[in-house]
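Since the structure comes first, as structure tokens, the remarks are kept for the end.
Just so we're on the same page: letters track the sequence lines, and every chain starts at 1. Remember, predicted model here, so these are calculated numbers, not experimental data.
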Amino acid sequence: MLSTEQKSKNLNDFLNGKGVSSEIINEQITDVFGEKCLIVATGSVVEGFGNQTSDVDLMCVVDKNDISQLPIMTYSNLVKFDTEYYSSTDIVQYFDLIRKEWPPTKPYDQNKWKGTYKAFKICCRLTVGLVIYNTDQWSNIYKSFDQELFLRLLCKWWYIESTRNLIVAKILNKHSKKTSEIRLFDAACSVLLAIIAKKGECVFNKKWISEKLKITESVEELKFFESLLLTSFSFSTNSQLYLSHVAKVENFLESVIPDSVELSLCCYLSIGVSVNKLAEHTVLSNWANEGFVLPRHESENSGLAFDREDKLVFCSSVTSQLPDIVEHLIANQFLWIGVYQSNRGEIYGN
Amino acid sequence: MVIKNFRLHVALKTHATIRYLLQVQAAVEDIFGCLENGQKLVSMFQLRIAILKCLSIKNIVEGGNPVEIHEIDQIDYDPLDKLLDSDLELAAEQMKLFVIAFEKNEIEVWKQQFIHFIFTYEKMLGFDKQLPSVRSPEGFQFLLNICKNWEPLLINLDLPTALPSEWISAAQQK
């Protein structure tokens, strides 16, 4: 990763090129959201990838709870600053959250996944950023954040994301080849991000994959990424290409974590999908305005079950063949899929 | 004006419009900015995003699910399920045109046809005028008006908010 001096140079060069002094940054921060604890400049400008239209992204941690992260846009000499404010309590919680084991050893739902996704995203931006201001207390908190440990955790996060997307891509390939391609693209991007993290670089935004692959001298991976982009939206008519990209993602996954972890799938009803109370064998999507009937005997025999909150649950080893009914629910956007670490091949929910 | 499908009308004026303002416009700006910096693959990545988001707007028009969680690769969201193979062929063609233009150093010509391509999807949103850039004060005000005027209808139709969840404080989400 870049040294503090290099990040500082990148930021100053960008601002000076636009006739703006770096001291202007403090003027972009308002006190309306509470007392400042930490200001970090982050994003493409600091990393040296910025172009003439780039914004300067600022993250400001304040000593106040419950604030919106609506970016506040300000301009100075045609430089656009995007400032996001975070509560100090939330940031400490994000630091704690990512140190917990991922994936969990038990099934989890999309809310837990979303919380962890956000924690990794914010920690990643703070890690690559340049500290502009901090209080003594926040200087210590920031220093205690172990970057090497974070990169290992980030590598595993992207490994699991790639696995999860690849599973769904394979299921969708039987039902909707168009969408299967999207999931395969996400699986490919995720494994490339895992490789980048393994090589000591930190990135969360997928648009910078190619730049980070160049920095880490990942020639084969860069070639694969270019091929993925070149063939976008054309897998549904080229199954040979689809299969070769699946094989490539699988090879990369093996290179990231050679001793594969035993994993299981957990499925929950997607957000916005609910069980019809009048006929419990019907699930409804109030987003797409569509319903899906689960024949009662099929749902009972397939291992589908309802938890205490009346959410539909299904769990299975990632290597098992899924029942048709579960595949149909996944293909119709009714089920969200998570991947958890199973001990002794344990299967929950059945 | 007679609205034949009220649910679709609301989906276009909220979820689809906000997706266009926040994601399509940002991706297009990135494509052009990165091109000036010689970052071909970053431009291609953003080109794919811009096209995919445009396709997802057409998918809503065709009766697809309007709701996508902002900035998350949502594993249970299908942005293409109501589209035809011909829609994807057009999209694949755009990727190829970009590469050819880049290699032949004809990017300026490509930009014009790409802006036209994007605009065909913007027109599906059903506004009388071309939408302002969300980075301009006028565009940001337009975004705020969309939220103010249409959010209550989303609630009545049992559709989730069209705003990114990060913009709404935890207390408001409860």
Side-chain angles (χ1 to χ4, degrees), chain A residues 49-54 65-71 73 80 84 110 114 117-118 121 161 164-165 168 172 176 178-179 181-183 185-186 189-190 206-211 222 225-226 229-234 236-237 270-272 285-290 330-337, chain B residues 7 27 29-30 32-37 39-42 44-49 51-52 55 63-67 69 71-81 83 85 87-96 99 135 137 140 157-160 163-172:
Chain A
F49 305 144
N51 57 62
Q52 284 306 303
T53 62
S54 296
N65 285 330
D66 192 32
I67 46 173
S68 158
Q69 275 134 41
L70 170 72
M73 290 182 272
K80 182 172 167 266
E84 288 175 10
Q110 52 269 62
K114 236 175 104 180
Y117 174 94
K118 193 173 174 184
K121 183 179 171 184
E161 281 306 288
R164 191 166 87 96
N165 277 287
V168 177
L172 289 176
S176 164
K178 294 194 285 275
T179 313
E181 176 183 340
I182 297 175
R183 296 284 84 86
F185 187 88
D186 287 338
C189 287
S190 299
K206 291 176 179 168
K207 79 175 171 188
W208 299 119
I209 286 177
S210 55
E211 298 303 301
L222 188 63
F225 187 60
E226 186 167 9
L229 289 168
L230 278 169
T231 54
S232 292
F233 309 112
S234 55
S236 53
T237 49
S270 299
I271 295 169
S285 163
N286 57 4
W287 291 355
N289 227 6
E290 284 173 355
I330 292 168
N332 284 281
Q333 312 168 63
F334 277 71
L335 284 184
W336 175 89
I337 283 189
Chain B
R7 192 183 173 87
E29 198 173 295
D30 264 348
F32 296 163
C34 291
L35 270 173
E36 279 174 25
N37 228 16
Q39 293 163 319
K40 178 189 165 193
L41 293 183
V42 186
M44 278 180 79
F45 184 88
Q46 291 300 81
L47 174 61
R48 183 183 175 279
I49 296 279
I51 294 171
L52 191 56
L55 289 174
N65 182 357
V67 183
I69 299 170
E71 281 197 342
I72 279 183
D73 294 323
Q74 200 181 326
I75 204 156
D76 50 356
Y77 177 65
D78 187 341
L80 310 172
D81 61 336
L83 298 183
D85 285 348
D87 291 310
L88 269 82
E89 282 162 17
L90 275 179
E93 182 67 20
Q94 280 299 320
M95 299 298 293
K96 286 184 189 119
V99 176
R135 285 168 65 106
F140 195 67
L157 286 170
D158 204 17
L159 285 170
L163 292 174
S165 60
E166 287 78 15
W167 292 14
I168 305 164
S169 70
Q172 282 172 297

Do the side chains of [Y] and [X] get nearer than 4.5 Å, heavy atoms only?
{"X": "Y77(B)", "Y": "N65(B)", "result": "yes"}
{"X": "I271(A)", "Y": "Q110(A)", "result": "yes"}
{"X": "M44(B)", "Y": "V99(B)", "result": "yes"}

For [X], which atoms come within 4.5 Å of any heavy atom of chain A: side chain, backbone, both, or neither?
{"X": "F32(B)", "value": "neither"}
{"X": "M95(B)", "value": "side chain"}
{"X": "L55(B)", "value": "side chain"}

For each of [options], tally heavy-atom pairs with chain A at distances under 4.5 Å, and name the one with the top tally.
{"options": "I49(B), V67(B), D30(B)", "value": "V67(B)"}
{"options": "E36(B), Q74(B), E29(B)", "value": "Q74(B)"}
{"options": "I75(B), N37(B), L80(B)", "value": "I75(B)"}

Residue among L230(A), T179(A), T53(A), I209(A) with most heavy-atom pairs under 4.5 Å to chain B: T179(A)
Is a donor from one side chain sitting under 3.5 angstrom from an acceptor on the other, for D81(B) and Q333(A)? yes
Could you tell me which portion of [X] (side chain, backbone, both or neither) has an atom closer than 4.5 angstrom to a non-hydrogen atom of chain B?
{"X": "D186(A)", "value": "side chain"}
{"X": "S176(A)", "value": "side chain"}
{"X": "K80(A)", "value": "side chain"}
{"X": "F225(A)", "value": "side chain"}

Expected output: side-chain [X] to main-chain [Y] donor-acceptor under 3.5 Å:
{"X": "N165(A)", "Y": "E161(A)", "value": "yes"}
{"X": "R48(B)", "Y": "S232(A)", "value": "no"}
{"X": "Q52(A)", "Y": "G33(B)", "value": "no"}

Quick one: do E93(B) and K96(B) satisfy salt bridge (Lys or Arg N to Asp or Glu O under 4.0 Å)? Show the steps, please. CA-CA 5 Å; E93(B) 182 67 20; K96(B) 286 184 189 119; 5.3 Å; no
